[in-house]
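The next block holds one structure in the form of structure tokens; read it before the comments.
When a ligand or atom number is given, it counts from 1 through the structure's own listing order.
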Amino acid sequence: MLPPESARIAQVIAAFSQRAMGAGFGLVITPMFEHLEVFQRVGASTDVVRKEMYVFEDRGGRSMALRPEGTAGVVRAYVQHRPTPPWKVFYVAPNFRYERPQKGRYRQHMQLGVEVLGVDDPAIDVEVISLAHDFFVSVGIPNAELRINSMGDPSTRPAYRAALQAYFRSCIENPSEALAELIESNPLRVLDTKDPALAAVVAHAPALADSLSSESAAHFASVRDGLDRLGIPYRLDPRLVRGFDYYTRTTFEFSSPSLDAAQDAIGGGGRYDGLAEEMGGPPTPGIGFGIGLERVMLASEPEATAPRLHAFIISALDDPWESSTLAATLRTAGIATDRAFGGRSVKAQWKLADRSGAEFAVMLGAQEQARGAVVVKHLATGEQREILTSELVAWILEHRKHTS
Ligand code: HAM
């Protein structure tokens, strides 16, 4: 990802970080590789664990893996450091999955994510979902579609799993070897198959929502109430099964109609109320989401590229440090500034200024310097004027169009 396109990525990451910090989340940075067992916790029967992890032995003979997703490492850190709950954290981090690369699906992808540990209140489910929703709107994806479901709690899961297995065994004749294996190992995953031949079978499968415990049903009803109160549109999707074994109760996914169906998920998440305990910590509810940065870039409207530099300094002076001190002064005042290096001719410096996309060129010349002034040229219109050096900062701050 190279400049100038990468400037949009920086803006999107900044928009996410600001939004997360504005809601009381603190940055967490977990290692890019950890002991294999940490990531195996996301689910022995999931594709990510079985087929997609980058596993290697380190020089000490330990089994390590590159991080395939963000939640396991954050929960591991919680269990290890025991911060006082509620613990609200966010991350911007690369993940690695050995998938078949295609548009929107890469072997290294970035996730913008949040995790909250220690809060059972359905209001946090609503806060987490609304944070993702507001973020999508703010980066130019107002048409993101939100689907939600409840996976129930661990007490009701075995009975549902068995019912689903019985149903699939009875109505899928001659399943392929892979499908037969999936029905036995993880029948819930059959629900989100993309195989059109299975669409009718899946549509009539027993729904998880019908087998929720009364506590899970009440929690889910409250989450829906909260989303309604905040005016966040969503669709109930009883077939929404997310790809990891740790999910309990609320799960959700955002998709973009402007992406190919196989890679249209721009973010997803849910509760994982048993994961901290499974990792050796105290029973601690958890909820979070991960948003795929590359997919956000594909799905969002590319805005007109705004000039990001305010000023480009050109110098005809003999003293090479004049440009450096002026650049430092402007940057300290919050004016994005670049300059030429290497003693280039004034003509070559003007060319660089034009190419830089800066709003103004600031020209240092001997005659102007004698009058305590510089020449400022608006590069788009060609208009230029002399301005007292002592007034330059105030003048640019007043006249620049773009503040970021
Ligand atoms: P996930 O659904 O596997 O969830 O990934 C989250 C998002 O990352 C996806 O919706 C997608 O936008 C993006 N993504 C995933 N794989 C790829 C890929 N190969 N190439 C490009 N983008 C990709 C998780 O990882 C969970 N940890 C989310 C979570 C957090 N649940 C609770 N807390």
Side-chain angles (χ1 to χ4, degrees), residues 1 9 12 16 20 25 28 30 38-39 41-43 46-49 51-54 66-78 87-117 119 124-125 127-129 131-133 135-136 139 141 144-149 151 189 192 240-256 258-276 284-300:
M1 293 170 171
I9 296 178
V12 166
F16 178 75
F25 290 78
V28 66
T30 69
V38 173
F39 301 124
R41 301 281 176 169
V42 307
T46 64
D47 280 356
V48 167
V49 168
K51 304 181 195 154
E52 297 170 1
M53 266 211 281
Y54 283 86
L66 296 187
R67 173 175 59 210
E69 60 96 55
T71 311
V74 169
V75 175
R76 194 267 311 137
Y78 175 82
W87 199 49
K88 294 170 80 178
V89 292
F90 76 97
Y91 48 84
V92 177
N95 297 281
F96 305 86
R97 298 182 189 176
Y98 195 80
E99 298 199 78
R100 195 166 63 78
Q102 52 205 292
K103 189 175 174 198
R105 192 177 294 280
Y106 311 105
R107 288 185 176 164
Q108 173 173 342
H109 72 277
M110 283 282 259
Q111 278 188 30
L112 313 172
V114 304
E115 310 291 349
V116 181
L117 282 129
V119 185
I124 196 71
D125 304 37
E127 180 172 301
V128 163
I129 294 172
L131 183 68
H133 170 268
F135 165 75
F136 287 130
V139 296
I141 315 182
E145 287 167 3
L146 167 63
R147 286 171 302 133
I148 62 171
N149 191 17
M151 303 288 292
R189 289 296 296 182
D192 67 350
L240 173 67
V241 181
R242 305 245 323 120
F244 299 109
D245 288 355
Y246 51 59
Y247 286 116
T248 55
R249 299 198 281 177
T250 315
T251 48
F252 54 93
E253 200 159 275
F254 289 86
S255 53
S256 162
S258 45
L259 297 182
D260 296 343
Q263 283 87 237
D264 66 353
I266 50 177
R271 282 198 164 268
Y272 43 87
D273 295 333
L275 189 57
T284 312
I287 181 167
F289 64 67
I291 290 174
L293 178 64
E294 294 81 2
R295 293 188 190 176
V296 165
M297 300 316 292
L298 290 171
S300 58

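The side chain to side chain donor-acceptor pair (under 3.5 Å) test applied to Arg97 returns no partner, not counting sequence neighbours. For Arg105, the side chain to side chain donor-acceptor pair (under 3.5 Å) test picks out Glu99, Gln263, with sequence neighbours left out.
Within the listing of ligand 1, atoms 10 (O), 28 (C), 29 (C) sit less than 4.0 angstrom from a heavy atom of Gly268.
Between the side chain of Thr251 and the main chain of Asn149, a donor-acceptor pair closer than 3.5 Å is present. Of the possible polar contacts, one joining the Arg67 side chain to the Pro94 backbone as a donor-acceptor pair under 3.5 Å is found.
Between Glu99 and ligand 1, at least one N/O pair is under 3.5 Å apart. Of the N or O atoms in Tyr91, none lie within a sub-3.5 Å distance of an N or O in ligand 1. When only interatomic distances are considered, the shortest N/O to N/O separation between Arg105 and ligand 1 does not fall below 3.5 Å. Residue Ile291 has no nitrogen or oxygen atom sitting less than 3.5 Å from a nitrogen or oxygen atom of ligand 1, judged on distance alone. Between Ala265 and ligand 1, an N or O atom pair is found at a separation short of 3.5 Å. Checked against a 3.5 angstrom limit, the closest N/O atoms of Thr71 and ligand 1 fall inside it.
Using a 4.0 Å cutoff on heavy atoms, Gly113 does not count as a contact of ligand 1.
Among Glu294, Arg100, Glu69, Arg242, the residue whose heavy atom lies closest to atom 4 (O) of ligand 1 is Arg242. Among Tyr247, Phe244, Tyr98, Tyr272, the residue whose heavy atom lies nearest to atom 31 (N) of ligand 1 is Tyr247. Between Glu52, Arg295, Arg97, it is Arg97 that holds the heavy atom closest to atom 16 (N) of ligand 1.
Residue contacts with ligand 1, taken as heavy atom pairs separated by less than 4.0 Å, involve Glu115 solely via side-chain atoms from C-beta onward. If you look at Phe289 next to ligand 1, the close heavy atoms, those under 4.0 Å, all belong to the backbone.
Here the shortest heavy-atom pairing between Val139 and Ser300 reads O-CB, 3.3 Å.
No donor-acceptor contact under 3.5 angstrom links the side chains of Thr71 and Tyr272, judged on distance only.
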